[in-house]
There are 2 protein chains.
Amino acid sequence: MTEAITVVVADDHPVFRSGLMDVLHTDAAFRVVGEAGDGEAALALVRRHRPRIALLDLEMPKASGLAVAEAVRHEDLGAEVVILTMYKDAGMFRRALDVGAKGYVLKDSAATDIVACLHMVANGRAYISPALSSELLERRASLPVAELASLVELTPAERRVLRLIAQGKTSSEIAATLAISVKTVENHRSHICRKLGLRGPQALLRFALEHKALLE
Amino acid sequence: MTEAITVVVADDHPVFRSGLMDVLHTDAAFRVVGEAGDGEAALALVRRHRPRIALLDLEMPKASGLAVAEAVRHEDLGAEVVILTMYKDAGMFRRALDVGAKGYVLKDSAATDIVACLHMVANGRAYISPALSSELLERRASLPVAELASLVELTPAERRVLRLIAQGKTSSEIAATLAISVKTVENHRSHICRKLGLRGPQALLRFALEHKALLE
DNA sequence: CTCTTTTTGGGGGGTACCCCCCACGCTGCG
DNA sequence: CGCAGCGTGGGGGGTACCCCCCAAAAAGAG
């Protein structure tokens, strides 16, 4: 073993916290350098001890795990954040990602999962409870139903053009690729904009890039 | 229980396959409607039985799990694909996502994990072995080191402008937001393009959208 | 205090995109 | 057959963006 992975643990439920400590003590790679029962105390411990990992309950008195995570990131404290929670709520999960959490583990996970998570995060990787992985997947391809409905209204030629737009091609490049006139391509663009309700410059390109995955 | 979740199982290793069958038989929700030892046989079974789920080994004779997944998708057979593999190879994983696999499970997962995966996929959600979740995360924020290096060379004002571009604002909107001249914004755009080595129309917008996550 | 970088502002030209109009040929449908 | 929808063309105008040039005030680095 090279060096102990220092951890600060924060959870407002003492029983759960001691269970967490037990789990961490079964693996000699970890060294718990601080224990807290609320968010503010947790942040103070991270500031003082600069651990490699902050293992934070999502719901805590005084400051939530997310708030602590945000402070850790903002103050550049160098700790990777792992959020521990009871809820597989998609919104919370997204917010955790947005504040830079590298791990998001459900409390009903097996002890070995938590250990695995901490090891992965310590190695600079991420770990997400699999129950939430579909959230991640949906980020890359989903779009509101309304938009999807209007997407199917596009004619084949229009969809062809849209796909090339998503590939970053200009109108003249598209014209060359499809062996048609630039003017025709521009007409298709206009029609697509109208059908999709897009207005303003670059709106089409933005739409195409955001929904690239749906255009095969 | 409403209705059995029909499954086709394919794995070229008979011992592993029978272990898989055992696992599925412990849960009454599943009904295995076909068993195959290679990719072509698996695809034939899917065509004939139209199962809810196709549980496919990644590496099989005649046709890989990915090839079968592609066919299932292309022929619109309606089955959700779960890929089973020994390797946590990032490239394979990405390709699995690209062909529309909804589950990607490591073979060393616990039996309960596999069952959980199938249940989630049957419910229209996705399930990814947590060891690979970091792959997903990195998709949304990572970028080549070269680009990251040049990103830090941007001045504060330039970064400010770039962030607003990523939000889809036009130059004049940015000018209004920052209370500066449109011409100044355009100058910043030019400088950003130069520093990032971007050429051609809309190149900046494309870059900004793709790396939105890095701009805070 | 110089010298550099940054930020601010502008001129002018070229291209691409958005938006409106129009037309012709083709296909399919009632 | 007429008529709608689609694909293909074009005209013209307005705006936005990209790219080159320049300049001056402000801020930092030496």
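Order of the sequence lines fixes the chain letters, A, B, ..., with proteins taken first and strands second; residue numbering starts at 1 for each chain.
- Along DNA chain D, the nucleotide closest to B:His191 and the one closest to B:Ala203 are compared, and the more 5′ of them pairs with B:Ala203.
- Residue contacts shown for B:Thr184 include a base, since a base heavy atom lies under 4.0 Å away.
- Atoms CD (B:Glu173) and P (D:dA16) sit 9 Å apart, rounded to a whole Å.
- Remark: B:Thr155 is not in phosphate contact with C:dT6, judged by side-chain N or O atoms under 4.0 Å from OP1 or OP2.
- One cannot find a donor-acceptor pair under 3.5 Å joining the base of D:dG7 and the side-chain atoms of A:Asn187.
- Checking A:Ile5, A:Val8, A:Val9 one by one against A:Pro51, the side chain to side chain contact (heavy atoms under 4.5 Å, CB included) holds for a single residue, A:Val8.
- In this structure, CD1 of B:Ile180 is placed 16 Å from P of D:dA26, rounded to the nearest angstrom.
- Among the atoms of the strands shown, only primed sugar atoms or phosphate atoms (P, OP1, OP2) are found under 4.0 Å from some heavy atom of B:Gln202.
- A:Arg189 places its CZ atom 21 Å from the P atom of D:dG14, with the value rounded to the nearest Å.
- Residue contacts for A:Leu205: at a heavy-atom cut-off of 4.0 Å it reaches no nucleic acid atom on any strand shown.
- Residue-level contact check: B:Thr170 touches the backbone only, with heavy atoms under 4.0 Å from sugar-phosphate atoms and none from bases.
- Around the CZ atom of B:Arg194, the shell of radius 6.0 Å holds no more than 12 heavy atoms that belong to other residues, nucleotides or ligands.
- Shortest non-hydrogen contact noted between A:Val32 and A:Met21 is CG1-CE, 3.6 Å.
- Evaluation of atom-type donor-acceptor distances gives a pair under 3.5 Å for the side chain of B:Lys183 against the base of C:dG12.
- When the C1' atom of C:dC17 is taken as reference, atom CZ of B:Arg206 falls 14 Å away, rounded to whole Å.
- Contact check, B:Arg194 against D:dC20: a side-chain N or O comes under 4.0 Å of OP1 or OP2.
- Rounding to whole angstrom units, CG of residue B:Leu204 and P of D:dC19 are separated by 9 Å.
- One interatomic measurement links the two molecules: CG of B:Leu164 to P of D:dA16, which rounds to 16 Å at whole-angstrom precision.
- In this structure, A:Glu186 atom CD and D:dT15 atom C1' are separated by 13 Å, rounded to whole Å.
- When distances run from any side-chain atom of B:His188 to the nucleotides C:dC18, D:dT8, C:dT7, the shortest one goes to C:dT7.
- Within the structure, a side-chain polar atom (N or O) of B:Ser171 is placed less than 4.0 Å from OP1 or OP2 of D:dC17.
- Rounded to whole angstrom, the span from the CG atom of B:Leu178 across to the P atom of C:dT6 amounts to 18 Å.
- To the nearest 0.5 Å, atoms CG (A:Leu43) and NZ (A:Lys62) are separated by 12.5 Å.
- The 5' end of DNA chain C is approached more closely, in terms of each residue's nearest nucleotide, by B:Glu158 than by the other of B:Val182 and B:Glu158.
- For A:Arg199, taking side-chain heavy atoms from C-beta onward, the closest of the listed nucleotides D:dT8, C:dC19, C:dA16 is C:dC19.
- Note on A:Glu186 versus A:Arg189: no salt bridge recorded, every NZ/NE/NH1/NH2 to OD/OE distance being 4.0 Å or above.
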Going through the distances and angles, do A:Leu84 and A:Leu58 end up as a side-chain contact (heavy atoms from CB on, under 4.5 Å)? CA-CA 6 Å; A:Leu84 206 48; A:Leu58 183 62; over 6 Å; no
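- Residue-level contact check: A:Ser181 touches the backbone only, with heavy atoms under 4.0 Å from sugar-phosphate atoms and none from bases.
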